[in-house]
Amino acid sequence: MDSELTVTLSVRDGAAACDFYREAFDATELNRVTSPDGDVVGEFAVGRARFFVADEAPEYGNISPPEPTECSVRIGLFVDDPDGLVERAVAAGATVVAPVSDQDYGYRLGRIVDPFGHHWEIARPLHARA
C-alpha cells in the first residue's frame, strides 16, 4: 500500500462541523458515527484528499483550536479552482486570512480559517508538475 496522510480535526460541535465541510468544500461524507452521548466522528473526501472531524475529547488530549487567530498547523487543500472554493467556504462561514493570489513560490493560494478555528491553505500549482 502506498503511504497516505490524513488529519483529524478536533471541534467543539462535530455535527455542525460535518455540515460546514460538506457545504463549504463540497466534501463527500464517507462515514459518520454518533456515540450515545452525541459525540460525532465523520470521515470526508474532497477529491482524493481525506480527513476526519471529531468532537473534542480533552480527556485524550484532543482539543479544538483555542482561538481562530492562533494556528500551529495549516492544512493544505489542492483543488482545481481555489478562488471558487474560497468563495464557497466564505459563503458557508469561513473567514479569509489571506486572499487567493499567485505566489512567487509557484502556487495560486489563499488562506481561510473555518468557524471551528482550523486554518486552510486552498491552492493549485501555477504550472503543471513534472
Are L5 and F78 connected into the same hydrophobic cluster when the rule is that any two of I, L, V, M, F, W, Y join if their side-chain heavy atoms are below 4.5 Å apart? no

Residue list, side-chain hydrogen bond (donor to acceptor under 3.5 Å, both in side chains) with [X], at least two apart or on another chain:
X    : answer
R124 : none
S10  : none
D37  : S35

For the residue pair [X] and [Y], what are the closest heavy atoms and their distance?
X   : Y    : answer
P65 : G117 : CG-O, 3.4 Å
G42 : C18  : CA-SG, 4.3 Å
S64 : E56  : N-OE1, 2.8 Å

Can you list every side chain to side chain donor-acceptor pair (under 3.5 Å) pair that touches residues 88-103, not counting sequence neighbours? S101-Q103, D102-R108

Side chains of Y107 and P82: does their closest heavy-atom pair fall under 4.5 Å? no

Side-chain contact test, heavy atoms from C-beta onward, threshold under 4.5 Å: evaluate it for C71 versus R111 and give yes or no. yes

Applying salt bridge (charged side-chain N to carboxylate O under 4.0 Å, His left out) as the test, list every pair that has at least one member in residues 68-78; sequence neighbours left out. R74-E121

Does [X] sit in a hydrophobic cluster with other residues, and if so which ones, taking ILVMFWY side chains as linked at heavy-atom separations under 4.5 Å, directly or through other members?
X    : answer
F51  : V7, L9, V11, F20, Y21, F25, F44, V46, V53, I75, L77, V79, L85, V86, V90, V96, V100, I112, F116, W120, I122
L126 : none
V97  : V113

For D80, does the CG atom sit with more than 12 other heavy atoms under 6.0 Å from it, leaving out its own atoms? no

State which residues pass side chain to side chain contact (heavy atoms under 4.5 Å, CB included) with [X]; sequence neighbours excluded, sorted by chain then number.
X   : value
P36 : none
A57 : E59, Y60, N62
D81 : D83

Note: R32-D19 ion pair, threshold 4.0 Å (strictly below): yes

Return the set of residues passing salt bridge (Lys or Arg N to Asp or Glu O under 4.0 Å) with E87 (not counting sequence neighbours), or none when no residue passes. none

Answer yes or no: is there a donor N or O on one side and an acceptor on the other, between the side chain of D55 and the main chain of G14, under 3.5 Å? yes

Would L30 and R50 count as a side chain to side chain contact (heavy atoms under 4.5 Å, CB included) if you check the C-alpha gap in whole Å, the side-chain angles of each, and the deciding distance to 0.1 Å? CA-CA 9 Å; L30 303 173; R50 290 192 176 197; 3.6 Å; yes

